[in-house]
Amino acid sequence: MAELTAQLVSVDRMLWSGQASIVTAQTTEGEIGILPGHEPLLGQLKDNGVVTIRPVDGERIVAAVQGGFLAVQGERVTILADYAIFASEVDSADAESHLQDDDAVTKARSEAELAAVRRASH
C-alpha cells in the first residue's frame, strides 16, 4: 500500500510526524484530501480549520489549525500552521467561553478547536 510521509508543525512545536494513508485539510479554497501520488501543491490553511491525518498504523489524528500552509511534494505532506492543537487537548468549555470574545484571533481559534472536537467524535 502506498504511503505519505506527513508532518504537522505549529510555530511552537512539532505535533506529529510519520507515515499516513491520507491527509485532509481545510484550505481557503475548500477542503482537500491528499493521497499518495498527489500532484505538487501549496495551499493556504483556513483561519479556523481542521486537519485530519490517518496514520498507517494507528488512530485517526484530528487537530485544529489556525492559519499557515500545506505543501505537497512527491510523497511528502507538510502542514505548517500558525497555531495547532490536537482535538484531544481542547478544553471545550474554555473554547466555548471564548466564542464571545471581541478578539478575532481568539474567537477564530476557539471555533477551530470546537470544529476539531466535533470531527474527532465522528
Side-chain angles (χ1 to χ4, degrees):
M1 181 167 111
E3 299 174 356
L4 297 164
T5 299
Q7 290 184 319
L8 174 57
V9 182
S10 72
V11 171
D12 60 342
R13 67 179 174 151
M14 164 76 79
L15 278 85
W16 190 84
S17 179
Q19 298 302 113
S21 58
I22 185 171
V23 175
T24 61
Q26 293 174 324
T27 70
T28 55
E29 300 297 316
E31 189 164 1
I32 186 166
I34 309 295
L35 293 167
H38 199 283
E39 291 292 317
L41 168 79
L42 178 62
Q44 184 177 0
L45 296 173
K46 190 174 165 185
D47 277 340
N48 56 347
V50 176
V51 169
T52 304
I53 301 170
R54 290 210 180 260
V56 171
D57 55 356
E59 300 266 333
R60 177 177 64 141
I61 296 165
V62 180
V65 297
Q66 186 177 25
F69 296 92
L70 168 116
V72 179
Q73 183 66 38
E75 299 302 316
R76 176 177 287 282
V77 179
T78 305
I79 300 164
L80 304 169
D82 296 332
Y83 169 80
I85 185 171
F86 292 119
S88 60
E89 297 173 337
V90 172
D91 178 339
S92 296
D94 188 47
E96 294 233 9
S97 72
H98 288 296
L99 288 177
Q100 306 309 317
D101 278 6
D102 291 331
D103 179 42
V105 172
T106 302
K107 185 175 180 177
R109 185 172 290 175
S110 295
E111 289 171 351
E113 290 174 354
L114 292 170
V117 169
R118 283 191 299 275
R119 180 152 311 172
S121 67
H122 287 93

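What's counted below: heavy atoms across the whole structure, side chains too, no hydrogens, waters or symmetry copies.
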Could you tabulate the donor-acceptor pairs under 3.5 Å formed by side-chain atoms of residues 84-99, not counting sequence neighbours?
residue, atom, partner, partner atom, Å
Glu89, OE1, Arg13, NH2, 2.6
Glu89, OE1, Phe86, N, 3.4
Glu89, OE2, Arg13, NH1, 3.3
Asp91, OD1, Ala93, N, 3.2
Asp91, OD1, Asp94, N, 3.1
Asp94, OD1, His98, NE2, 3.2
Ser97, OG, Asp94, O, 2.7
His98, ND1, Asp101, OD2, 3.0

Q) For the residue pair Val62 and Ala116, what are the closest heavy atoms and their distance? A) CG1-O, 3.4 Å

Q) Of the non-hydrogen atoms in Glu3 and Glu75, which two are nearest, and what is the gap between them? A) O-OE1, 3.4 Å

Q) If you round to the nearest 0.5 Å, how far is OG of Ser10 from CG of Leu80? A) 10.0 Å

(Q) If I compare all heavy atoms of Ala6 with all of Val23, which pair ends up nearest, and what's the gap? (A) CB-CG2, 4.0 Å

Q | Val72-Ile22 co-clustered via ILVMFWY side chain contacts under 4.5 Å | A | no

Q) Does a donor on one side chain and an acceptor on the other come within less than 3.5 Å for Gln19 and Thr5? A) yes

Q) Does Phe69 share a hydrophobic cluster with Tyr83, counting links as ILVMFWY side-chain heavy atoms below 4.5 Å and allowing steps through other members? A) no

Q) Can you tell me how far CD of Gln66 sits from CG of Asp82, rounded to the nearest 0.5 angstrom? A) 7.5 Å

Q) Counting N and O atoms only, with roles assigned by atom type, does the side chain of Gln26 sit under 3.5 Å from a partner on the main chain of Val50, one being a donor and the other an acceptor? A) yes

Q: Look up atom CD1 in Ile53 and atom CD1 in Ile79, then write down how far apart they are to the nearest 0.5 Å.
A: 5.0 Å

Q: State, to 0.1 Å, how close Leu35 and Ser21 come at their nearest heavy-atom pair, and which atoms those are.
A: CD2-O, 3.6 Å

For residues 36-46, run the donor-acceptor check on the side chains, cut-off 3.5 Å, and write out each pair with its distance to 0.1 Å, sequence neighbours left out.
none

**Q.** Distance-minimising heavy-atom pair for Met14 and Val9
**A.** SD-CG2, 3.6 Å

**Q.** Nearest heavy atoms of Ala120 and Arg60, plus distance in Å
**A.** O-NH2, 3.1 Å

Q: Decide side chain to side chain contact (heavy atoms under 4.5 Å, CB included) for Leu114 and Arg118; before the verdict, give the C-alpha distance in whole Å, the side-chain angles of both, and the deciding distance to 0.1 Å.
A: CA-CA 6 Å; Leu114 292 170; Arg118 283 191 299 275; 3.6 Å; yes

Q. Side-chain heavy atoms under 4.5 angstrom apart, residues restricted to Ile, Leu, Val, Met, Phe, Trp, Tyr: same cluster for Ile34 and Leu8?
A. yes

